[in-house]
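Just below is one structure, and these are the notes that go with it.
Every heavy atom of this structure was used, including side-chain atoms; hydrogens, water molecules and symmetry mates were not.
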There are 2 protein chains.
Amino acid sequence: MARATRKIEILHAASKIVSERGIFNLTLEATAIEAGVSKGGLLYHFPSKEALVKGMVDHLAENYRDKIAASVAESTKEKGKWIQSYADVTFNNPYPNKEMHAGLLAAKAVNSDLLDPIRDLYNEWQIQIEQDGIDPVKATIIRLATDGIWLSELFDIHHLGEQRKEEVYLKLKNWIDE
Amino acid sequence: MARATRKIEILHAASKIVSERGIFNLTLEATAIEAGVSKGGLLYHFPSKEALVKGMVDHLAENYRDKIAASVAESTKEKGKWIQSYADVTFNNPYPNKEMHAGLLAAKAVNSDLLDPIRDLYNEWQIQIEQDGIDPVKATIIRLATDGIWLSELFDIHHLGEQRKEEVYLKLKNWIDE
DNA sequence: GAAAAAAAACCGTCCAGGTAGTATAGTGAA
DNA sequence: TTCACTATACTACCTGGACGGTTTTTTTTC
């Protein structure tokens, strides 16, 4: 069993630990146990803790990029398909977001430079969003509002009710097409 | 010297360390040195690391609440003064934001329950914002967009240019009065 | 208002426990 | 034989917190 799978299992285990137990509990041993690997096995794949966190970030950046790209490719709109896809994925996809949160927090804690792949991602998206056929300021506001949802989920600070969240989502959506 | 001042100096020192060196470098010793106090002295004021982080969060929550309240009190608008104040303070006040970032990250790392004062704050604001005389969905979107700015500053992920940021700010502002 | 007592605000060291990373010897599958 | 691990032991280091002082400030008493 396990080809490139093991590596990814380890990454999931690490994310899970960060999400559920916090960054201070992301130790090599805990990660190994959670992933069902020996410590030696973990270090075989990721030779240091920093490498592990880098793995987390790289992996989720790749995933997120694919997700958005797939949504864009599916879209039949001429205008606003990037911002629309960004909002769709972020509002409706709890899965990659959870991993994103864990990865961001871990990277910020361990070494901010590890966030570079995320920065690249954001820069790419911002460019697409601004060239998306709608007013760039409006598009930027929609992106920021979407990020706001993200922030509140990241810190579990203030969850809008499902209904209000839906209303916000619909209003943003309508605004794109306006 | 030092009445209640010392405590606050220690809190600033802790925030500074988190901002500049990351959470893993927030040790009692480092904080003591940064604040110019001995470790024993620090532990006199904050008997544990968790107490220190709790101190950070409580302090910044109080500060932020005051800042917004002051801005609201100054406002002469009848409609939308809460959301306007929230946007104003967040867009234009780099200082409390920096401390907020540090406090949030530290609390999230040490013990998520420490974020409760922030949750209370957000709940209060959301109530005010929704009763602010403008469409609550619109007001919520403005709040979220403002939080989006915050997120990008927190992780240093994507800084809008000053000009675009200003355009966003103005558009949101106009939207409130529309 | 000075001396004495008490409380507050510190200082600096020590230690048990935990952690990243190294080392090494071995195993089963392809 | 190589790859992808397991299992265990070990080192070197760091950190939270306890603890036992000491100094400064405040309060009380005479």
Taking only the side-chain nitrogens and oxygens of [X], find out if one of them lies under 4.0 Å from OP1 or OP2 of [N].
{"X": "B:K49", "N": "D:dG16", "value": "yes"}
{"X": "B:R6", "N": "C:dA9", "value": "no"}
{"X": "A:Y44", "N": "D:dA4", "value": "yes"}
{"X": "B:H45", "N": "C:dC10", "value": "yes"}

Distance check needed: [N] [atom2] versus [X] [atom1], whole Å only.
{"X": "A:L43", "N": "D:dA4", "atom1": "CG", "atom2": "P", "value": "16 Å"}
{"X": "A:L28", "N": "C:dA20", "atom1": "CG", "atom2": "P", "value": "4 Å"}
{"X": "B:F46", "N": "C:dC10", "atom1": "CZ", "atom2": "P", "value": "11 Å"}
{"X": "B:L26", "N": "D:dC14", "atom1": "CG", "atom2": "C1'", "value": "15 Å"}
{"X": "A:I23", "N": "C:dT19", "atom1": "CD1", "atom2": "C1'", "value": "16 Å"}
{"X": "A:L42", "N": "C:dT22", "atom1": "CG", "atom2": "C1'", "value": "15 Å"}
{"X": "B:E29", "N": "C:dC15", "atom1": "CD", "atom2": "C1'", "value": "14 Å"}
{"X": "A:L52", "N": "C:dT19", "atom1": "CG", "atom2": "P", "value": "15 Å"}

**Complete:** Rounded to the nearest 0.5 angstrom, the CD-CG distance for B:Q126 and B:L121 is 12.0 Å

Under a 4.0 Å N-O cut-off, is there an ion pair linking [X] with [Y]?
{"X": "B:D177", "Y": "B:K173", "answer": "no"}
{"X": "A:R6", "Y": "A:E9", "answer": "yes"}
{"X": "A:R65", "Y": "A:E62", "answer": "no"}

Among the nucleotides [options], which one has an atom lying closest to any side-chain atom of [X]?
{"X": "A:S48", "options": "C:dC11, C:dG21, D:dC5", "result": "C:dG21"}
{"X": "A:K39", "options": "C:dC11, C:dT13, C:dA20", "result": "C:dA20"}
{"X": "B:S38", "options": "D:dG17, C:dC11, C:dT19", "result": "C:dC11"}

**Asked** Considering residues at least two apart in sequence or located in another chain, which fulfil the ring-ring contact (aromatic ring centres under 6.0 Å, His included) criterion with B:F155?
**Response** none

